[in-house]
Amino acid sequence: MDSQLELSVSGLPGKIVAGSGRHPFKLTAANHSDKALGTVQWLAAVDNDSMSDDERTWLSTYAKIEYYDPATKAWDSIADDFGNGFYFGQTELGPKETVDIKLRVDITSKAPAGDGFTLGLGGYVDSEKNCVHSSFALYEFTVLKPGSSNDDPGNAKPGDGKAPAGGKQPQGGAKEIPATGSLAETGSGSALPMIGLVGGVAVVAGAGAVFTARRRRTQA
């Protein structure tokens, strides 16, 4: 059974100068089915495809991601005890429902210049079939050296030039729903979707995301 969740990223610049401050973007998730998906757990990362074991070559070392919680009207760091800046919460997603999650990233001045990507991923449990589904959005951008001219940053593009798979693009007005909760607060039952998220990264997102998953697991 295919995932009923469709994700996309918008607003992230195609070129970001290291040390230029916070850059807002948005992760949009849509359930196109007639059934509620239940609790969807979220994951977000910014990284590059470095194959080195040296953390100084990883973009994730210098990328600080935050999400906006409309309930508290505050920006919160994606840095919980379990995911260490990888997994950041969950929301309920009903039938034909679309949600926007506001994110922003600060890439510090010491970040390595070159190609990078942002990854948004959602996972949920299919209670009828007792299995985990996940969907992702992988968008690519370029990190420029500090002080570089960036008059035309453009927009980050879907990885490999392809639109996210899994159905139609989210349309219509999206509800702004906060991504709340953490694995520790929601109990041991939440471990199943979290496992699905990490596995989903390894399967669908390519070499860079595989390394992101490995890094975060070893640091947790």
Side-chain angles (χ1 to χ4, degrees), residues 7-29 42-70 72-80 83-89 100-121 136-164 176 178-179 201 204-220:
L7 273 69
S8 64
V9 168
S10 60
L12 185 70
K15 292 181 287 186
I16 296 176
V17 177
S20 59
R22 297 185 179 96
H23 297 271
F25 62 103
K26 183 171 63 178
L27 176 65
T28 298
W42 307 111
L43 172 155
V46 169
D47 210 345
N48 59 12
D49 286 337
S50 171
M51 298 300 175
S52 171
D53 288 331
D54 185 350
E55 296 182 16
R56 293 173 296 181
T57 70
W58 304 346
L59 183 55
S60 58
T61 301
Y62 309 95
K64 312 302 180 184
I65 312 174
E66 297 176 320
Y67 73 92
Y68 181 75
D69 186 345
T72 61
K73 300 186 185 302
W75 288 92
D76 294 326
S77 174
I78 298 180
D80 60 37
N84 191 20
F86 203 33
Y87 159 79
F88 68 97
D100 283 341
I101 300 174
K102 293 180 180 180
L103 301 166
R104 65 185 185 185
V105 61
D106 180 4
I107 297 176
T108 67
S109 60
K110 294 183 179 180
D115 294 336
F117 62 83
T118 183
L119 172 73
L121 194 142
F136 78 103
L138 180 68
Y139 281 67
E140 299 174 342
F141 64 96
T142 302
V143 177
L144 304 179
K145 295 180 180 179
S148 298
S149 174
N150 193 21
D151 296 331
D152 184 17
N155 296 303
K157 302 296 183 182
D160 297 327
K162 299 176 182 178
E176 187 179 272
V201 172
V204 302
V210 172
F211 268 73
T212 301
R214 179 181 63 81
R215 295 167 193 171
R216 297 308 188 187
R217 287 201 303 272
T218 57
Q219 294 173 18

What are the two closest heavy atoms between L27 and G120, and how far apart are they?
CD1-CA, 4.2 Å
About how many Å separate CG of N48 and OG of S60, when rounded to the nearest 0.5 Å?
7.0 Å
Y139 side chain to G14 main-chain N or O, any donor-acceptor pair under 3.5 Å?
no
A63 and V105: which non-hydrogen atoms are nearest, and at how many Å?
CB-CG2, 4.1 Å
Heavy atoms only: give me the nearest A18-T108 pair and the separation to one decimal.
CB-O, 3.5 Å
Counting only N and O atoms by type, is there a donor-acceptor contact under 3.5 Å from the side chain of W58 to the main-chain atoms of S52?
yes
So which heavy atom on P146 is nearest to which on V17, and how close?
CA-CG1, 3.9 Å
According to salt bridge (Lys or Arg N to Asp or Glu O under 4.0 Å), does anything in residues 108-118 pair up with another residue at least two apart or in another chain? List the pairs.
none
Going by side chain to side chain donor-acceptor pair (under 3.5 Å), name the pairs with one or both residues in residues 9-20, residues two or more places apart or in two chains.
S20-H23
Once salt bridge (charged side-chain N to carboxylate O under 4.0 Å, His left out) is applied, do any residues pair with D152, and if so which ones, sequence neighbours excluded?
none
side-chain contact (heavy atoms from CB on, under 4.5 Å) assessment of R104 paired with Y68
CA-CA 8 Å; R104 65 185 185 185; Y68 181 75; over 6 Å; no
Can you tell me how far CZ of F141 sits from OG1 of T118, rounded to the nearest 0.5 angstrom?
6.5 Å
Looking at side-chain heavy atoms only, is the closest gap between T57 and P112 below 4.5 Å?
no
To the nearest 0.5 Å, how far apart are CZ in F136 and CG in L43?
12.5 Å
Identify the heavy atoms of A44 and I78 that sit nearest to each other, and give their distance.
CB-CD1, 4.1 Å
Report the distance from atom CG of L7 to atom CD1 of I101, rounding to the nearest 0.5 Å.
8.0 Å
Nearest 0.5 Å please: distance from the CD1 atom of I107 over to the OG1 atom of T61.
12.0 Å
Approximate separation, where rounding is to 0.5 Å, of L119 CG and D47 CG:
9.5 Å
Where F117 and L138 come nearest, the two heavy atoms and their spacing:
CD1-CD1, 3.3 Å
